S.K.: 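Quick one: structure below, then a few questions.
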Amino acid sequence: MKPFKLLIALLFGFAAFAQSPEFKIKGKVVDAKTKQPLPYVTITLLSSSQKVRETTSDENGNYILKRVSGTYQLKAEFLSFKTFISDSFEMNQDLVQNISLDEEVQQLEEVNVVAEKSAVELKLDKKVFNVGKDILSPGGSANDILNNVPSVNVDVAGVVSLRGNNSVTVLINGKPSILAANNGLSQISAANIEKVEVITNPSAAYEAQGGGGIINIILKKNSLKGFNGSLQAGIGNPENYNMNANVSYKTEKINLFSNLGYRELNIYGYDKLFQRNSNNGVTSILNQYNHNRGNYSTISVYIGGDYYINDKNTLTGSYYRSKNTNRENTKYNYNYSDVNNAADSIISRSQKYVEPQIYNVLELNYAKTFDKKDKKWTSSLQYVFWNDNENQYIDQQRTFPDQSPVSNLYTNDIESSNDIFIKSDFVNPISENSKIEMGIRSDMRAISSDYYTILDDMLQKQFTNKLKYGENLYSAYFQFGSKIKRFDYLLGLRSELSDIKISDRKNTFNNSKNYINLFPTVHLVYNLTSKTDLQLSYSKRINRPRFWQLNPFSGLSDLRNLTVGNPDLNPMYTDSFEFTVLAKPGKFSINPSVYYKHTTNFFEYIVERTDENYFINTPVNLGTENRYGAEVSTTCNPAKWLRLSLDFNYYHFKQDGEYKDVSYNAEDQTWLSSFRSVVKFPKIISGDFSFRYRGKNQGVQTLTEPQYSANIGLSKDFFQEKMSVTLNVNNLFDSQIRKSETQTSSYYLDSEFKSQGRYVNVTVIYRFNRNKTDADRLPSSM
């Protein structure tokens, strides 16, 4: 009887539902001031002031709700914006209701306080950190910005790591760049960066390179109409000068833009090294001290234009050119002694290093939209060509126990590259909640390195050679994403064909590597509540050796401590798993994550000693690495004028490998943490303070001691925000020092490296026909 009653009840329910059809109300949520879409806004459908339906806007600001006919109101809530409540309306047909949210302004003792958009956004396959209004930006570099992004660290040598893993790919506006290598990010002004995308588990739409993930630096763009621009000038101590002029002109059909920049800075650093060697029962000691003074200058020009063929087709062409000149003067002092510290010999060595570099980018982009919402096709062609001329002038002399003649060494390395990148992507929504994405890409690079060495007017054949490197990558991907009620998923598959060749003029090696790989990706998101999302993701990654890791011909600045490449280095592969939560209860947000990475054929730098008691550092393939960790990022806005953030990352790793019949196993754990506070009183002053700490880390050979650093910035606006003056103090405690030690049964190395000390910058920015929140137009790739 009970089943029969239940059936009758269900039939009446279906009948009632059939008699009361559901209607849809949909629209887009945007920032009232900037007109930019706002993702993850809570949208509530109210009836008699009671909640009947709730959803959140997607990453493009779009939302949709369904309900039977009746009288309703819409309510929209988002952190740091005024709550929006619509007038009552009758819902008896499908409706469109776009929503504009105003930033919340509050009076506090006659001081206007404007809150900012949430600093972190969790999207389906990445975290986005908004840094466009960062007080610490003016006068600094991209390295300074990255050091303020949770989980990201840039060490004193410019090496970027994500969650302690330096097998990471750094992109600029989604494209590879030579400036992402060899501390080149220091040449990008921090004031030009709008946001940073941290992609620990990239979807198939991204290249598979980077076992540790991807960091994508997004540069600012300008979409204002008419003639407008900004001028920037800065000065610092030690010597740090920067100037920038950005001008654009936009009409209904064209948008012309240009940028001229200049930056010069001096850096003072040192390197201390203690060596103890045991050979055949004899112990020798070396105390080494190197003092470095560097001067780095960059002049850049960027011009281009958008042509709006019609409202659905846009063509963009641009040219970017930069001339970078690096000059370094380094003094090396080698003090040899025996086990009783009795002086044996003293050697003095000085180096003058000059490296001019010309870097060019030509780019053509085409974008097409369709009548169908969110359907889009984009294609780009990019040609990059650069030339790098490295010159070393080295003098060496023994000064104790006797004085020897001065020996002169000159090295020259002319590197050049011709790179072509072709990319095409297509996005097509196949239903209201589903879409497909597909694309193809080709990366073709040809690099040459012509290296020669002259010692006392004699050519050194062992250090003279020419290397050619070719890297051709061909890839295609397909992914499908959909939403079922509160559940979002994105499934993708990427295929990459790698054709890599490296050879030298002497035919000492001629390596060719060809392989094709499939890289599946899975991203699952469940909207637990309107303010809480759960995400589970998986991706397979590859980490191909970079050119400088393959090139065996390096500089000879310090023959006793050489770093050389390995032309036979193979790629490593990583399976990456991650579970993360983003919760935003009121003025507080918390983002905990747990992750696991399994890497095969991983490569690591191995230190080997020569018969002359010199040391060579070389990357080699070892075995496997297992890494797991937990991370928590929190943000709190206790008041409209105050934002606090705290980030903590712990990870444990185990490495097992063997090289030349020597076992290189390591197991250790470490942690990283950062704290940041931002206060903003626009009518008075704004301030920003950040502190970072990294625990000690034990690798397969080397132990690195803990490191910490702090930055502080103050900013003041004038003339109704037309002009801004900013004071920054980076490396506040003069603590950016890397200390490490390597110990084996036959030798011990203890080193201390400092690339720069505390530096202070004062920057002035003036804007004409442009507001403080408006952005410059900058290269889509550098």
Side-chain angles (χ1 to χ4, degrees), residues 131 134-148 154-158 160 179 182-193 217 219-220 230-246 259-270 291-302 322-330 353-357 359 686-690 692 709-716 723-737 753-766 776 778 782:
V131 297
D134 199 325
I135 297 175
L136 299 175
S137 296
S141 69
N143 287 347
D144 301 312
I145 285 293
L146 291 179
N147 267 328
N148 280 313
V154 184
D155 68 12
V156 293
V160 181
L179 295 183
N182 297 328
N183 205 18
L185 294 177
S186 63
Q187 300 172 20
I188 300 176
S189 174
N192 293 336
I193 298 175
I217 299 173
L219 303 179
K220 295 178 180 177
S230 66
L231 301 173
Q232 174 180 309
I235 189 171
N237 180 36
E239 296 87 342
N240 183 354
Y241 310 100
N242 66 87
M243 292 180 288
N244 187 275
N246 190 284
N259 189 88
L260 176 64
Y262 171 76
R263 187 166 187 247
E264 181 176 354
L265 70 155
N266 289 342
I267 290 180
Y268 305 90
Y270 67 80
H291 179 267
N292 174 267
R293 175 175 179 172
N295 175 270
Y296 307 95
S297 64
T298 300
I299 301 175
S300 61
V301 178
Y302 176 57
S322 71
K323 181 180 181 181
N324 311 313
T325 303
N326 301 333
R327 299 179 178 88
E328 294 181 9
N329 289 287
T330 308
Y353 179 83
V354 181
E355 180 191 5
Q357 180 192 72
Y359 182 73
S686 300
D688 196 335
F689 173 79
S690 67
R692 297 178 63 87
S709 65
N711 301 325
I712 190 169
L714 298 172
S715 181
K716 170 69 176 174
M723 186 174 78
S724 301
V725 179
T726 303
L727 169 67
N728 295 328
V729 183
N730 288 345
N731 193 13
L732 179 63
F733 303 123
D734 196 13
S735 57
Q736 286 187 311
I737 301 173
F753 175 59
K754 178 179 179 180
S755 64
Q756 62 186 26
R758 180 189 303 110
Y759 58 101
V760 182
N761 298 305
V762 177
T763 304
V764 179
I765 302 175
Y766 182 78
D776 297 337
L778 295 161
M782 301 176 70

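Not measured: the values here are computed from a predicted model. All heavy atoms count here, side chains included; hydrogens, waters and symmetry mates do not.
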S.K.: Determine the minimum heavy-atom distance between L732 and F689, stating which atoms define it.
M.R.: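 Where L732 meets F689 most closely, the heavy atoms are CD2-CE1, 4.2 Å.
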S.K.: For residues N292 and T330, is any side-chain donor paired with an opposing acceptor at under 3.5 Å?
M.R.: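 There is such a pair between these side chains.
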S.K.: Stepwise, does the side-chain contact (heavy atoms from CB on, under 4.5 Å) test hold for Y296 with I267?
M.R.: CA-CA 8 Å; Y296 307 95; I267 290 180; 3.9 Å; yes
S.K.: Looking only at atom types and distance, does a side-chain atom of N324 sit under 3.5 Å from a main-chain N or O of T298, one as donor and one as acceptor?
M.R.: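 Checking the backbone N and O of T298 against the side chain of N324, no donor-acceptor pair under 3.5 Å is found.
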S.K.: Please determine which of D734, N730, N731 meets the side-chain hydrogen bond (donor to acceptor under 3.5 Å, both in side chains) test together with Y759.
M.R.: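 Between Y759 and the candidates, side-chain hydrogen bond (donor to acceptor under 3.5 Å, both in side chains) is satisfied uniquely by N730.
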S.K.: Tell me, with the steps shown, if N244 and N259 meet side-chain contact (heavy atoms from CB on, under 4.5 Å).
M.R.: CA-CA 7 Å; N244 187 275; N259 189 88; 3.2 Å; yes
S.K.: Hey, what do you get for CG (L714) to OG (S686), rounding to the nearest 0.5 Å?
M.R.: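 Rounded to the nearest 0.5 Å, the CG-OG separation comes out at 9.0 Å.
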S.K.: Testing L727, N728, N240 one by one against V760 for a side chain to side chain contact (heavy atoms under 4.5 Å, CB included), which residue passes?
M.R.: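 Output: one option passes, namely L727.
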S.K.: Residues two or more places apart in sequence or in another chain: which of them pass side chain to side chain contact (heavy atoms under 4.5 Å, CB included) with Y766?
M.R.: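 For Y766 the side chain to side chain contact (heavy atoms under 4.5 Å, CB included) partners, ignoring immediate neighbours, are K722, M723, F768.
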S.K.: Kindly give the heavy-atom pair with the smallest separation between K754 and Q736, and that separation in Å.
M.R.: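 Looking at all heavy atoms of both residues, the closest pair is CG-O, 3.9 Å.
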S.K.: Should R758 and V729 be marked as a side-chain contact (heavy atoms from CB on, under 4.5 Å) after you check the CA-CA gap, both sets of side-chain angles, and the distance that decides it?
M.R.: CA-CA 7 Å; R758 180 189 303 110; V729 183; 4.0 Å; yes
S.K.: Using the side chain to side chain contact (heavy atoms under 4.5 Å, CB included) criterion, which residues pair with I299? Sequence neighbours excluded.
M.R.: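 For I299 the side chain to side chain contact (heavy atoms under 4.5 Å, CB included) partners, ignoring immediate neighbours, are Y262.
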S.K.: Please determine, by modelled atom types, if Y241 and E239 share a side-chain donor-acceptor pair under 3.5 angstrom.
M.R.: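 There is no such pair between these side chains.
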S.K.: So, using side chain to side chain contact (heavy atoms under 4.5 Å, CB included) as the criterion, who are the partners of N295 when residues are at least two apart?
M.R.: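 Partners of N295 by the side chain to side chain contact (heavy atoms under 4.5 Å, CB included) criterion, ordered by chain and then number, come out as E264, N266, R327.
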S.K.: Which value, rounded to the nearest 0.5 Å, describes the distance between Q232 atom CD and S724 atom OG?
M.R.: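 Between atom CD of Q232 and atom OG of S724 there are 10.0 Å.
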